[in-house]
Number of protein chains: 2
Amino acid sequence: MKKIPHRLYLTEEQMPKQWYNLRADMRELPDPMLNPATFQPVSEEELYPIFCKQLAHQEMDCTTRYIDIPEEIQDFYKMYRPSPLIRAFNLEKALGTPAKIYYKFEGNNTSGSHKLNSAIAQAYYAKEQGLTSLTTETGAGQWGTALAEACSYYNLPLTVYMVKCSYEQKPFRKAIIETFDGHIVASPSNTTNTGRAILEKDPNTTGSLGCAISEAVEKAVTTEGCRYVLGSVLNQVLLHQSIIGLESKTAMEMLDEYPDIVIGCAGGGSNLGGLIAPFMQDKLTGKASPRIIAVEPASCPSLTRGRYAYDFCDTGRVTPLARMYTLGCGFIPSANHAGGLRYHGMSPILSKLYHDGYMEAVSVEQTKVFEAATLFAKQETILPAPESSHAIRAAIDEALKCKETGEAKTILFGLTGTGYFDMNAYSSFLNGTMTDTIPTDEELEKAFGELPKIPGIQ
Amino acid sequence: MKKIPHRLYLTEEQMPKQWYNLRADMRELPDPMLNPATFQPVSEEELYPIFCKQLAHQEMDCTTRYIDIPEEIQDFYKMYRPSPLIRAFNLEKALGTPAKIYYKFEGNNTSGSHKLNSAIAQAYYAKEQGLTSLTTETGAGQWGTALAEACSYYNLPLTVYMVKCSYEQKPFRKAIIETFDGHIVASPSNTTNTGRAILEKDPNTTGSLGCAISEAVEKAVTTEGCRYVLGSVLNQVLLHQSIIGLESKTAMEMLDEYPDIVIGCAGGGSNLGGLIAPFMQDKLTGKASPRIIAVEPASCPSLTRGRYAYDFCDTGRVTPLARMYTLGCGFIPSANHAGGLRYHGMSPILSKLYHDGYMEAVSVEQTKVFEAATLFAKQETILPAPESSHAIRAAIDEALKCKETGEAKTILFGLTGTGYFDMNAYSSFLNGTMTDTIPTDEELEKAFGELPKIPGIQ
């Protein structure tokens, strides 16, 4: 029998040299993005004012199965990748489960999360095109940190619109983004028309990812040589993040393992889409049939309680329309501590796969998430981010089911990042002041009522 | 020519199974610790009320060259070790130096530093002896976090005395230590006689490691089943930390490399002593002659401006006396951001080696340290702790000297940890409010005047 190491690192030679494009294997593709003015499918060229050309191309490319990772990006990856695949021996023991729990840990870089995988790619293509600045939004601050790192590496000025509740909960995020020369603005702000309109309507809003996106897009399209980049939701981001799943699958093969269940937290879908990519490929091509579970916060349950409909990707209604599971672009979730999961929609690719039955989804309450997070921290000596801890919660729940049934299932989950900037959240859990706020049916119906009307479609 | 990977991980099989005891190869041993009441060398048994027995034995053992790492500790190590040896390709390029810069990165665990290497060993031996609680002190909070993790793993209640200025600079350290069930007290405190005496004398003191040690020791010796553990200075700690150097040496051998210069930051000496151990062995046994450089803050320059004398290890004058480089146990350094380097003394082993000419020392000002830290962060995508950044500063300075002379020296430095809990320090550097406070000769003379008088010795 093979000796199972606690943590397995691939060698640099074993690292993927291509990203995997899940769309190439989907039987039915996600519905096309629509131009919000004409309601016609957008063309690649129509995206050029927002995204740099290579990224617009990747966004629209549904057929190229494998896309070469430019060598410069491969070299950057080698500064912090491969990330380890870890066997949770101690967690298994603490749970008394016969299940084998593996996790892919993406937190071993300064951004503290998987976000750097796409950030460096997007900064690289922007630099290659000769752009002179970038804008983006950030929720928990992980994406903003990652992109600031990547932009600093390429000397590209960056403005980050940070969701106001995260900005206030995480003062040190500002300092780290500034350490990497990023300019950070609390959103909604007075720097854009969208921001001003939202503030006028509700001066005390805690903000949302959707709103921060509006501001960043507006800033990009109104600034010469500037483009917008996004850390989740988009097809291009899932493409870049496929490196997580590709590495995981190779590592599991080396251990003669294959997951019965693959679990990831889901906000916009970047980590989940990346982690599951090659396993979903097996499922789509009939080679294997792992269960795939998306885990979302009960406070922002886009898959489990949302509508599958065309919606704006932002609150300000300036972006193209995407068909996805959505709570309505006007929905502002409660100030949950998992800032990275407070998005009203879900990746169109993942939405389609979920709609077609290839994927399950569960929602979990944040107090239950932090119970799992603290147990995990003590057993595995890694302090997980609140977002990642959603996946931990579901993995523990599945492992406990195995304990009941006696099944020795193999569980793989994505540990997307670390919680060093989330100590306020841990404090509120420890001192018992953390609450769970779940939207009522009425609140959701109200938000659904504001979904865009599209003649002949919805 | 061998291809040099960006980061090299040993396999679990290659990990050291024994710690290396530097004293076994020293030509002259450090002078013995003295009982502060009798001024006679302390015996192992006299240490039992303070340290658990196995650790007291390790503290006194000057002859056993290699000491087996218990299997349970080896298993714990495998949760976060081996740590990577990283080639700083990007930093080299940014500096334009012909030097080859390697660093051993110890920050990839939740404590964020190398401290866990000794914490888990000390908690293990305490548990093995049937002790029911532990106390300790912490400066920057890295040791407190590491020990809380280790104690939580073994269900050992822990009280942490945290230097007041760090406690105030780093509010989130409290939360993370509490996440691991540690009880944390700002030092000086009203919970001990020593703390009360110091507060009475100076109610506004920012505290010091020496003072926190006094409180933790007092609490330990006055509590049934409780012992004191320390994260630095002691011989036992250097022993446990030798795993850093042993792994580094094996990794460098795999790359056909040997360092011309080995650099570590130095507070109490835990990281430096561990990193240099096998290289110092080569030097002591005549096999090689690398330069070995200790880097300390200009605000707390125990090696570069201290006296080699018998002194108390704590401010409250309750511990045994050790002969070491010291600024005087009454010396309270300015509130430098590198809380982990604010200790008045230095490991007796390292002090002796420095005194005998086997090691160099430099002191650096904190603004220069943060210049190095931000440059490093941008090039290497790791946000370094202020303590670790002292080593980065010296490594950069040596690499720049190579640029002048054209020499392609091989530099190895220890990157002991991450700076996620030090964003206040980064902020003050970024906004230009960071200052450098260096003790005057008069201040040092005053502190030296309070060194203990020992009949026939000093």
Side-chain angles (χ1 to χ4, degrees), chain A residues 3 5-9 11-13 75-82 84 86 89-90 105 107-112 116 120 145-146 149-150 152-153 171-176 178-181 373-374 377-384 418-431, chain B residues 3 5-9 11-13 75-82 84 86 89-90 105 107-112 116 120 145-146 149-150 152-153 171-176 178-181 373-374 377-384 418-431:
Chain A
K3 191 170 172 343
H6 282 65
R7 38 177 66 200
L8 180 65
Y9 289 95
T11 65
E12 287 187 0
E13 288 66 38
D75 280 345
F76 189 93
Y77 279 164
K78 285 174 190 163
M79 281 203 289
Y80 69 99
R81 304 197 69 83
I86 306 180
F89 283 118
N90 285 315
F105 179 42
N108 276 351
N109 67 77
T110 280
S111 76
L116 197 52
I120 192 62
T145 306
E149 262 189 79
S152 150
Y153 189 74
F172 294 160
R173 274 289 176 197
K174 185 167 184 289
I176 191 167
E178 287 174 349
T179 298
F180 290 101
D181 300 330
T374 49
K378 289 178 198 174
Q379 295 303 323
E380 295 292 317
T381 78
I382 293 172
L383 186 84
T418 49
Y420 297 108
F421 289 95
D422 301 284
M423 294 320 299
N424 277 333
Y426 275 91
S427 288
S428 78
F429 174 71
L430 291 170
N431 66 25
Chain B
K3 190 171 171 347
H6 282 65
R7 38 178 66 200
L8 180 65
Y9 289 96
T11 65
E12 288 187 358
E13 287 68 38
D75 280 344
F76 189 93
Y77 279 163
K78 285 174 190 164
M79 282 204 288
Y80 69 99
R81 306 197 69 83
I86 306 179
F89 283 117
N90 284 315
F105 179 41
N108 277 349
N109 68 76
T110 280
S111 76
L116 197 51
I120 192 62
T145 306
E149 262 189 80
S152 152
Y153 189 74
F172 294 160
R173 275 289 177 197
K174 184 167 183 288
I176 191 167
E178 287 175 348
T179 299
F180 290 100
D181 300 332
T374 50
K378 288 180 198 175
Q379 295 303 323
E380 296 290 318
T381 80
I382 293 172
L383 186 85
T418 49
Y420 296 109
F421 289 95
D422 301 284
M423 294 319 301
N424 276 334
Y426 275 90
S427 289
S428 78
F429 174 71
L430 291 169
N431 66 25

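Naming convention: chains lettered A, B, ... in sequence-line order (proteins, then strands); numbering from 1 in each chain.
- For B/Phe76, the part lying under 4.5 angstrom from a heavy atom of chain A is the side chain only.
- Separating the OG1 atom in B/Thr179 from the NZ atom in B/Lys174 is a distance of 10.5 Å, to the nearest 0.5 Å.
- Contacts of A/Glu178 with chain B are made by both backbone and side-chain atoms, with heavy-atom separations under 4.5 Å.
- Interface remark: B/Arg81 contributes backbone atoms only to the contact with chain A (heavy atom separation under 4.5 Å).
- Interatomic distance, A/Tyr80 OH to B/Asn108 CG, rounded to the nearest 0.5 Å: 13.5 Å.
- Most heavy-atom pairs under 4.5 Å with chain B, from the set A/Thr374, A/Asn431, A/Ile176, A/Asp75: that is A/Ile176.
- In this structure, the portion of B/Phe421 lying under 4.5 Å from any heavy atom of chain A is its side chain and not its backbone.
- Taking OH from B/Tyr153 and OG1 from A/Thr381, the interatomic distance works out to 9.0 Å, rounded to the nearest 0.5 Å.
- Looking at A/Ser427, its side chain never comes within 3.5 Å of a backbone N or O of B/Ala175 through a donor-acceptor pair.
- For B/Ile382, the parts sitting under 4.5 Å from any heavy atom of chain A are the backbone and the side chain alike.
- Distance CE/A/Met423 to CZ/A/Phe172: 12.0 Å, rounded to 0.5 Å.
- Residue contact with chain B, scored on non-hydrogen atoms closer than 4.5 Å, involves the side chain of A/Leu430 exclusively.
- Ring pair A/Tyr9/B/Tyr9 is parallel by interplanar angle, where below 30° counts as parallel and above 60° as perpendicular.
- In this structure, the side chain of B/Glu149 does not engage the main chain of B/Leu116 through any donor-acceptor pair within 3.5 Å.
- Looking only at heavy-atom pairs under 4.5 Å with chain B, the residue among A/Asp181, A/Ile86, A/Leu8 that has the most is A/Asp181.
- Each of B/Thr418, B/Asn109, B/Asn424, B/Asn90 has some count of heavy-atom pairs under 4.5 Å with chain A, and the biggest count is that of B/Asn90.
- With a 4.5 Å cut-off on non-hydrogen atoms, B/Tyr420 touches chain A through its backbone and its side chain both.
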